[in-house]
Protein chains: 2
Amino acid sequence: MMREIHDHEMLIRFIKENNIAFSEELLPHLHLYRFDQGDLICSQGDPADMLYVLVKGKVKVFTTSPEGRTLILSFKKPLEVIGDIEYVRGTETMNTVEAVSRVEMIGVHHRWLKKYAAADPAFLEFLLHIITNKFYVKSNSMQFNLLYPVEVRLASYLLSVSYDSSSNVLKKQHSSASLRDAANLIGTSYRHMNRVLQQFCANGFIERVSGGIMVIDRAGLTAIAGNNIYE
Amino acid sequence: MMREIHDHEMLIRFIKENNIAFSEELLPHLHLYRFDQGDLICSQGDPADMLYVLVKGKVKVFTTSPEGRTLILSFKKPLEVIGDIEYVRGTETMNTVEAVSRVEMIGVHHRWLKKYAAADPAFLEFLLHIITNKFYVKSNSMQFNLLYPVEVRLASYLLSVSYDSSSNVLKKQHSSASLRDAANLIGTSYRHMNRVLQQFCANGFIERVSGGIMVIDRAGLTAIAGNNIYE
DNA sequence: TATGTTTGAGGACATATGTCCTTTCCTAAA
DNA sequence: TTTAGGAAAGGACATATGTCCTCAAACATA
């Protein structure tokens with residue numbers, strides 16, 4: 001479960017190390033939070049009132065379509081900002097964000113940003129850089145998705161989720177996502193994902209273990225994935 | 001061909017009407033340009049040194065993959081900024097932008113922006129809003145592309161390109177794009193596009209005329225396209 | 001006009017992916 | 001232990017899309 005870490009020194013260190021453009025006045029209003037694997041940082045459709053800076057760990061961002069299909073959008077590692085678009089546009093949360101590993105984030109309420117950062121060129125420029133970068137990454141991933149088949153996307157996905165797992169095993173109870181969900185995440189049917197997994201098994205890239213998948217040849221998968229979009 | 005319009009009053013009027021956050025010092029360095037249908041505003045890979053504000057007409061943005069496939073990214077109408085991402089990131093031009101109709105744009109060299117606008121909160125915020133909005137649109141179109149078949153995307157495309165043409169005809173010599181290119185633009189093969197066009201003909205949505213396509217039932221296409229991404 | 005060349009439409013087939021259903025296996029409650 | 005329920009794997013078939021090729025219309029040129 002999410003909880004606050006009361007360690008202001010560590011918080012300040014994070015800000016210094018990452019050159020985060022929070023002005024002096026904001027410092028008293030910053031909080032450091034820890035999320036466990038599987039925790040939701042925010043959910044699509046919820047009102048957005050916090051902006052988070054991811055400083056440690058890994059999250060995945062996904063959306064759910066009106067028809068109920070789930071689509072993975074990206075995995076994010078530090079340094080990344082969550083909720084920036086919503087802050088600027090003043091809209092509700094666009095996508096759901098879930099912790100893939102244990103995660104630490106600096107959180108600040110919109111109220112204080114509006115009060116102390118809305119006219120701060122350093123902060124605005126910080127946001128601009130983060131968002132343009134995000135735009136660039138999304139652009140790439142869009143082309144990736146349109147240009148490459150499921151095989152490639154799945155390889156990419158497997159590499160991503162086996163990142164922080166000591167055992168390289170994708171377990172079925174992995175976070176809230178069963179293997180079934182994994183299919184939705186890469187934008188294909190469960191059936192088809194299974195076909196491709198079968199093929200990966202045949203090639204010796206992975207092995208099926210009870211209730212999950214074990215990656216045994218990262219190099220092989222990497223060769224298929226090319227420039228991984230989910231990283 | 002692109003040419004400058006020496007009408008400072010009109011330029012100022014555009015800025016006022018659209019609430020573009022150009023500061024006083026920038027005004028002497030702004031230029032108003034006109035592009036004819038088919039003109040390229042910028043080309044993928046070129047060094048970027050101008051930022052443009054689209055104030056009139058319509059452009060299409062597309063990218064070319066390493067394998068040579070062309071992929072349409074979006075159509076843009078006023079008010080829109082071209083080259084904003086490149087300005088912020090300091091990178092070369094990401095995508096190619098082509099005028100779909102006669103187009104008018106305000107252009108300003110990066111040099112002056114850096115000098116007079118880099119620390120101007122109003123301008124930074126203006127950019128932030130433009131870019132976050134762009135991000136949102138791209139997000140949507142990505143999901144659109146992943147979630148819907150060629151049929152839907154093609155209907156969407158036909159509606160877009162027939163927008164400014166008095167005759168509702170997509171001519172083969174339309175800008176630099178032959179019908180052949182149109183297929184690449186929506187991310188499918190020429191062959192498959194033809195299949196879907198055949199189907200549209202059978203349904204009475206369009207008609208083949210010499211060297212092109214004529215839209216005769218916009219409502220029918222709209223029903224298929226749903227929420228048009230290319231608009 | 002005759003002839004060669006280019007371009008577009010469409011046929012035939014292959015591959016990618018989706019849907020539905022069946023079988024197998026695991027788990028939990030009786 | 002037995003059994004009902006559910007999850008996972010995979011078979012069978014349908015649909016979407018891609019590739020290659022052929023034919024015909026259009027167009028240019030002699």
Side-chain angles (χ1 to χ4, degrees), chain A residues 65 67-72 144-158 169-203 205-214 224-226, chain B residues 65 67-72 144-158 169-203 205-214 224-226:
Chain A
S65 77
E67 296 84 11
R69 290 185 63 185
T70 300
L71 201 61
I72 205 170
F144 183 90
N145 271 313
L146 286 170
L147 260 32
Y148 298 93
V150 168
E151 181 187 48
V152 177
R153 286 179 273 158
L154 180 55
S156 172
Y157 176 77
L158 288 176
V169 176
L170 172 63
K171 303 188 211 99
K172 70 175 166 189
Q173 69 276 33
H174 194 291
S175 75
S176 69
S178 72
L179 256 186
R180 199 148 224 127
D181 286 330
N184 290 337
L185 291 184
I186 63 168
T188 189
S189 65
Y190 178 69
R191 179 65 190 91
H192 190 59
M193 185 192 66
N194 257 327
R195 253 191 294 254
V196 179
L197 285 176
Q198 225 173 341
Q199 173 192 324
F200 284 173
C201 280
N203 291 339
F205 298 148
I206 63 173
E207 256 176 33
R208 286 185 187 281
V209 297
S210 89
I213 301 294
M214 189 193 307
I224 288 184
Chain B
S65 75
E67 296 84 11
R69 289 185 63 186
T70 301
L71 200 62
I72 205 172
F144 184 89
N145 271 313
L146 285 170
L147 260 33
Y148 299 94
V150 167
E151 182 188 46
V152 178
R153 284 179 274 158
L154 180 57
S156 172
Y157 176 77
L158 287 176
V169 175
L170 172 63
K171 303 186 212 103
K172 70 176 167 189
Q173 69 276 30
H174 194 290
S175 74
S176 69
S178 71
L179 257 186
R180 201 148 223 126
D181 285 330
N184 291 336
L185 290 185
I186 63 168
T188 188
S189 65
Y190 177 69
R191 179 64 190 91
H192 190 59
M193 185 193 65
N194 257 326
R195 253 190 297 253
V196 179
L197 284 177
Q198 226 173 343
Q199 173 192 324
F200 284 173
C201 281
N203 291 338
F205 299 148
I206 63 172
E207 254 176 35
R208 287 185 186 280
V209 298
S210 89
I213 301 293
M214 189 193 309
I224 288 184

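In what follows, chains are A, B, ... by sequence order, proteins preceding strands, each numbered from 1. Model, not experiment: these values are computed from the prediction.
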S.K.: Can you name the atoms? Protein N/O to nucleotides 21-23 of chain C N/O, anything below 3.5 Å, with the distance.
M.R.:
none

S.K.: Rounded to the nearest Å, what distance is computed from the CE atom of residue B/M193 to the C1' atom of nucleotide C/dT7?
M.R.: 13 Å
S.K.: To the nearest 0.5 Å, what is the distance between CD1 on B/I206 and CG on B/L154?
M.R.: 7.0 Å
S.K.: To the nearest Å, give me how far apart CG (A/L154) and C1' (C/dA16) are.
M.R.: 14 Å
S.K.: When the distance from CD1 of B/I186 to P of D/dA16 is rounded to whole Å, what number comes out?
M.R.: 15 Å
S.K.: Can you tell me the distance, in whole Å, between the CD atom of A/Q199 and the C1' atom of C/dT17?
M.R.: 13 Å
S.K.: Find which nucleotide of DNA chain D each of A/R208 and A/R195 is nearest to by heavy atoms, and output the residue with the more 5' nucleotide.
M.R.: A/R208
S.K.: C/dG8 base to B/R191 side chain: any donor-acceptor pair below 3.5 Å?
M.R.: no
S.K.: Minimum heavy-atom separation for A/R208 and A/C201, please, with both atom names.
M.R.: CG-SG, 4.0 Å
S.K.: Just the rounded figure in Å: distance from P of C/dA16 to CD of A/Q198.
M.R.: 15 Å
S.K.: Rounding to a whole Å, what distance do you find between B/H192:NE2 and C/dC13:C1'?
M.R.: 16 Å
S.K.: Can you check whether B/Y190 has a side-chain N or O nearer than 4.0 Å to OP1 or OP2 of C/dA9?
M.R.: yes
S.K.: So which nucleotide from D/dG10, D/dT17, C/dA9 ends up closest to the side chain of B/N194?
M.R.: C/dA9
S.K.: Quick one: is B/T188 getting a side-chain N or O under 4.0 Å of the D/dG18 phosphate, OP1 or OP2?
M.R.: yes
S.K.: For the pair made of CD in A/E151 and P in C/dG18, what is the distance, rounded to whole Å?
M.R.: 14 Å
S.K.: Give, for atom CZ of B/R153 and atom CD1 of B/I224, the distance between the pair rounded to the nearest 0.5 Å.
M.R.: 14.0 Å
S.K.: Do A/L158 and A/F205 have side-chain heavy atoms sitting under 4.5 Å apart?
M.R.: no
S.K.: Hey, could you give me the CG/OG distance between B/N194 and B/S189, rounded to the nearest 0.5 Å?
M.R.: 9.0 Å
